[in-house]
Amino acid sequence: MTVQIRRSSDRFVDREPGRRTHHAFSFGAHYDPEWLSFGPMVCHDDHLLSSGRGFEDHPHSDLEIVTYVVAGTLMHRDSLGTDGELTAGEVAVLSAGSGVQHQEVASDAGAARFVQVWLRPDEVGTTPAYRRGSAAAAVPGAGLVPVAIEVGVAGASYGVARLAAGEKLILPVARRLHVYVASGALARSSLAAPLEAGDAFCFVDEPHREVTAGAPTELLVWSFTS
């Protein structure tokens with residue numbers, strides 16, 4: 001049983017004109033053998049884009065790319081013919097499979113922030129696909145709300161919790177559990193000093209844990225059976 005905390009201040013940071021990215025795991029020029037992956041999760045990025053800025057056309061293959069929009073509107077276009085927008089609280093999965101091109105750009109209406117996770121799929125070379133979901137049901141008092149999305153990783157599930165200040169949440173039990181504070185803060189507990197926006201818990205084989213919101217808080221929770 002282990003608990004690790006990945007603080008926002010310890011994440012690798014990339015800055016370019018119109019973009020700031022916090023990487024949880026080794027990425028590009030950033031390398032740390034202690035932070036290569038977490039189960040099938042090989043990338044956990046928090047992106048902030050200025051209006052009209054972002055990532056132009058680029059390729060991917062054999063990844064499950066899960067995008068959650070925290071704020072603003074993100075424009076998505078890909079070689080499958082998808083051309084649309086994701087707004088705050090919406091989720092998209094791009095199963096890159098045998099290969100796909102896509103681009104992600106903040107709308108001209110203003111800045112956009114999104115959290116993107118890459119998962120290693122169980123099968124490679126599959127037919128690429130794009131799917132969407134929503135976390136609209138995640139409201140204070142609703143607990144952890146599963147997001148109905150299909151990813152090519154057996155036993156992987158994604159949930160969102162929006163907690164009022166002082167609200168408690170019992171986290172699920174899983175082989176691996178990744179709990180990311182997208183906004184707000186978790187109060188001090190027996191596990192750690194307060195967690196703030198951009199911080200994450202990484203649990204392995206832990207029993208049920210309870211967390212308490214120290215302010216209105218949005219949590220993004222991945223659980224894995226392996």
Side-chain angles (χ1 to χ4, degrees), residues 8 11-25 27-28 41-61 63-97 99-119 121 128-139 145-153 156-162 178 180-184 197-198 200 216-222:
S8 176
R11 290 161 69 106
F12 309 116
V13 183
D14 277 332
R15 288 185 173 87
E16 294 184 5
R19 175 171 67 84
R20 185 204 68 205
T21 299
H22 284 82
H23 303 283
F25 302 107
F27 193 95
M41 183 185 292
V42 295
C43 173
H44 188 289
D45 288 350
D46 193 326
H47 300 286
L48 179 62
L49 307 178
S50 297
S51 174
R53 305 301 293 267
F55 301 92
E56 298 298 335
D57 241 20
H58 58 283
H60 288 288
S61 61
L63 285 172
E64 300 292 298
I65 301 171
V66 184
T67 301
Y68 178 84
V69 178
V70 179
T73 299
L74 185 68
M75 311 304 296
H76 171 93
R77 181 179 296 171
D78 61 43
S79 55
L80 304 176
T82 311
D83 188 356
E85 62 181 40
L86 290 170
T87 57
E90 291 189 298
V91 184
V93 180
L94 179 62
S95 297
V100 68
Q101 297 267 141
H102 77 146
Q103 63 175 260
E104 300 150 312
V105 178
S107 78
D108 291 336
R113 180 182 165 217
F114 66 100
V115 174
Q116 189 170 89
V117 169
W118 297 358
L119 306 176
Y130 181 78
R131 297 174 293 277
R132 294 177 59 160
S134 172
V139 296
V145 175
V147 177
I149 54 172
E150 178 186 343
V151 295
V153 179
S157 62
Y158 194 30
V160 176
R162 297 191 180 103
H178 187 278
Y180 185 65
V181 183
S183 63
T217 297
E218 184 171 43
L219 299 180
L220 310 182
V221 180
W222 279 99

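If you read the sequence from its start, that first residue is 1, and numbering goes on from there. This structure is a prediction, so every number in the text was calculated from the model and none was measured.
S157 pairs by the side chain to side chain contact (heavy atoms under 4.5 Å, CB included) definition with S223, not counting sequence neighbours. With sequence neighbours excluded, the residues that form a side chain to side chain contact (heavy atoms under 4.5 Å, CB included) with A156 are V151, V153, W222, F224. Every residue two or more places apart in sequence or in another chain that forms a side chain to side chain contact (heavy atoms under 4.5 Å, CB included) with D57 is listed here: Q101, Q103.
A donor-acceptor pair under 3.5 Å links the side-chain atoms of E64 to the main chain of G152, judged by distance alone. With hydrogens and angles ignored, the 3.5 Å screen pairs no side-chain donor or acceptor of R132 with any backbone N or O of L86. Remark: the backbone N or O of V70 is not paired with any side-chain donor or acceptor of R113 at under 3.5 angstrom. Using a distance-only test at 3.5 Å, with no hydrogens or angles considered, no donor-acceptor pair links the side chain of D45 to the main chain of H47. Although no hydrogens or angles enter the test, the distance criterion places no donor-acceptor pair under 3.5 Å between the side chain of R19 and the main chain of R53. The backbone N or O of E56 lies less than 3.5 Å from a partner atom in the side chain of H58, making a donor-acceptor pair. For S51 (side chain) and S107 (main-chain N/O), a donor-acceptor pair under 3.5 Å exists by modelled atom type. No donor-acceptor distance shorter than 3.5 angstrom exists from the side chain of R77 to the backbone of V105, with no hydrogens or angles considered.
Taking all atoms of both residues into account, the shortest heavy-atom contact from S183 to A197 is CA-CB, 4.0 Å. Minimum interatomic distance between A71 and A88 (heavy atoms only, all atoms of both residues): CA-CB, 4.1 Å. Heavy-atom minimum distance, R162 versus A138: NH1-O, 2.7 Å. Annotation for S8 and H22: closest pair O-CD2, 3.9 Å, computed over non-hydrogen atoms. Closest heavy-atom contact between P128 and V100: CB-CB, 4.3 Å.
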| request: Please step through side chain to side chain contact (heavy atoms under 4.5 Å, CB included) for the pair V66 and V93, ending with a clear verdict. | output: CA-CA 5 Å; V66 184; V93 180; 4.2 Å; yes
| field | Steps toward side chain to side chain contact (heavy atoms under 4.5 Å, CB included) verdict (Y68, Y180) | value | CA-CA 12 Å; Y68 178 84; Y180 185 65; over 6 Å; no
| side chain to side chain contact (heavy atoms under 4.5 Å, CB included) evaluation trace for R11 with D46 | CA-CA 10 Å; R11 290 161 69 106; D46 193 326; 4.1 Å; yes
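Considering NE2 of H60 and OG of S79, their distance stands at 11.0 Å, rounded to 0.5 Å. Within the model, atoms CG of D83 and CE of M75 stand 6.5 Å from one another, a figure rounded to the nearest 0.5 Å. Taking CZ of F55 as the start and OG1 of T21 as the end, the distance is 4.5 Å to the nearest 0.5 Å. With rounding to the nearest 0.5 Å, the separation of CD in E150 from OG in S95 is 7.0 Å. Note: I65 CD1 to E104 CD = 7.5 Å, rounded to the nearest 0.5 Å. The OG1 atom of T73 sits 12.5 Å away from atom CZ of F114, with the distance rounded to the nearest 0.5 Å.
Checking E90 against S134 by side-chain atom types alone, no donor-acceptor pair falls below 3.5 Å.
Put simply, the side chain of V181 reaches to within 4.5 Å of the side chain of L219, judged on heavy atoms. Inter-residue side-chain proximity for R131 and I149 is flagged as unmet; no heavy-atom pair is nearer than 4.5 Å.
Ring pair H102/Y130: centre-to-centre distance not below 6.0 Å.
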